[in-house]
Number of protein chains: 2
Amino acid sequence: MSERVVPPTARQRRRPTKQGVVLSEELIVGTALRLIEEHGADALSVRRLGRALGADPSSLYRYFRHTDDLMLAVADELIGRTLRTWRPTGDWVADLRDLGLRMHAGALAHPRAATLAAHRVTGRAHEIRAVESILGVLRRAGFPDREAVRIYHAFVDQALAFGALDSAGTALPRAAREAETQVWRTTYGRLPAETHPHIAATARHLVATMRVSSYPAALDLFLTAARTHLGQLRARTGASRPH
Amino acid sequence: MSERVVPPTARQRRRPTKQGVVLSEELIVGTALRLIEEHGADALSVRRLGRALGADPSSLYRYFRHTDDLMLAVADELIGRTLRTWRPTGDWVADLRDLGLRMHAGALAHPRAATLAAHRVTGRAHEIRAVESILGVLRRAGFPDREAVRIYHAFVDQALAFGALDSAGTALPRAAREAETQVWRTTYGRLPAETHPHIAATARHLVATMRVSSYPAALDLFLTAARTHLGQLRARTGASRPH
DNA sequence: ACCTTATGACAACACCGTTGACCTGTTAAG
DNA sequence: CTTAACAGGTCAACGGTGTTGTCATAAGGT
């Protein structure tokens, strides 16, 4: 049993399942994504995935060493779909804003998968392409290498983190989500000014704002700060804009 | 069996377990926190918790309807501990930085609880106190109500989102985490400059930076942008610093 | 001292990921 | 065209999980 998994390229004897399905890494990943979308993140288990595929659960271990491996593959597929239509224009602030909003939207479109995949490094093709692109945008903008990496890291993590956070919100059962807005409206909306002056003064805005994602605001603050930072770097080194 | 759980106030017949322990909500929550701290996030299961308490697992269902309930109670306790020692000094940037780092650290110390609680509004005492305090800091700094709420929202969500993201990282089994740094070192560290110029140029920094949380960097960028924003507001309205 | 009943214990259910042993159709070599 | 190797699908089992229906018993009020 020393090694159960075979690299996808070397795979050749593709024998169909008892139920007539020919397995493949792509089919498995695709089915996993579909399962997550349709029945929630908890619906993804090796056994259920096997059932959905028409194969014995243990067959999957011929393709992935363990569940973690499978999740990485799913995550990479998500990254690929998110980036497929992104085209940098040369305006780095606009490009990053666009990309950030895309990542966030992608996460919201696949809430369960995003929650599971946000914190992993896949080291797979799609991810590598993404890293290269974003670093390119930042370095062309004029950030020195160390700063480019710092900004890159914070940017990506922010997008992933907010994506996961907001995903988790939308993934809540309907009743729970309505209960939340109700908490804002009643509990916070009715605190007396004597005991809670600041909440009372802003209650109107709180109720209106708290059910909308704060990511766009956070992203704009982030980009503002990054631009300011770049300006200071340029001023200090006396460098002009490249190209 | 209509309702198994009894409100804590109504609890009266405190019979010890077979092993002589007298259960209580506080004891259970405390033990759960201890378990998480000592043996990692996935050491917390109903059965293990029961064993650690010296009680049958099913006894816990007299105190919490299900594991989620227990985790929320743990999270609430966490909020309390995080805020207990925070004292605003009057320097709003320093205060918010301090609070953000505290929230992040608290999340890291209790990954499972943080992940679960990040996207919920409890409307409970600790949370209300936190909202009032932060809004107070921002309004005293001079932000008008609408802006104070916007900044508040983004600030809190950023802290929670990064907390949950980084928590998920530390909650990973040891092997998986080492695999991640290995991916950065080998996969990304060895890409040729011809195909991936930007990654190759910054590989050194990538390897060093990516295993550290980017939250402090993101937080500083956030605060920088907020300060800039406040300055612009002041300039536009010609208002001076209050007090 | 007795009754009620809150609360702990037990046993069972339906899941989960993972693995070792087995079986069989595909494929490449002769 | 035959045949032998072995990739890859299947089966059964292990030890874990959360949860619940039922039972028994000791605590507390009377």
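No experiment lies behind these values; they were computed from the predicted model shown. Throughout, a chain's letter reflects where its sequence line sits, starting with A, and its residues are numbered from 1.
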Specify whether Tyr215(A) and Phe162(A) have parallel, tilted or perpendicular ring planes, treating 30° as the upper limit for parallel and 60° as the lower limit for perpendicular. tilted

Rounded distance (Å) that lies between atom P of dT10(D) and atom CD of Gln19(A): 8 Å

Mapping Arg48(B) and Val21(A) to their closest nucleotides on DNA chain D, which lands nearer the 5' end? Val21(A)

Whether Lys18(B) contacts dC10(C) is assessed here as follows: a side-chain N or O lying under 4.0 Å from the phosphate OP1 or OP2. Is that the case? yes

Of dT18(C), dC11(D), dT20(D), the nucleotide closest to the side chain of Arg47(A) is dT18(C)

Just jot down the side-chain contact (heavy atoms from CB on, under 4.5 Å) partners of Ala217(A), sequence neighbours excluded, or say none. Arg150(B)

Using the side-chain heavy atoms of Arg62(B), tell me which of these nucleotides is nearest: dC11(D), dG17(C), dG8(C). dG8(C)

Tell me: CZ of Arg65(A) to P of dG17(C), nearest whole Å? 17 Å

For atom OH of Tyr61(B) and atom P of dT17(D), their distance in whole Å: 11 Å

Can you tell me which nucleotide in dT18(C), dT10(D), dG18(D) comes closest to the side chain of Ser45(B)? dG18(D)

Nucleotide dT18(C), atom C1' - distance to CG of Leu49(A) in whole Å: 15 Å

It should be established whether Tyr63(B) places a side-chain nitrogen or oxygen under 4.0 Å from OP1 or OP2 of nucleotide dT7(C). no

Residues two or more places apart in sequence or in another chain: which of them pass side chain to side chain donor-acceptor pair (under 3.5 Å) with Arg211(B)? none

Within residues 51-60 of chain A, those residues having any heavy atom closer than 4.0 Å to DNA chain D are Ala55(A), Asp56(A), Ser58(A), Ser59(A)

When the distance from CG of Leu27(A) to P of dG8(D) is rounded to whole Å, what number comes out? 15 Å

With rounding to the nearest 0.5 angstrom, report the CG to CG distance, Leu101(B) to Asp220(B). 8.0 Å

Can you identify which nucleotide, out of dT19(C), dG18(D), dG8(C), has its nearest atom closest to the Thr17(B) side chain? dG8(C)

For Arg15(A) and dT10(D), give me the distance from atom CZ to atom P, rounded to whole Å. 8 Å

Ser24(B) side chain to Leu27(B) backbone, donor-acceptor under 3.5 Å: yes

Between dC16(C) (P) and Met71(A) (CE): distance, integer Å: 15 Å

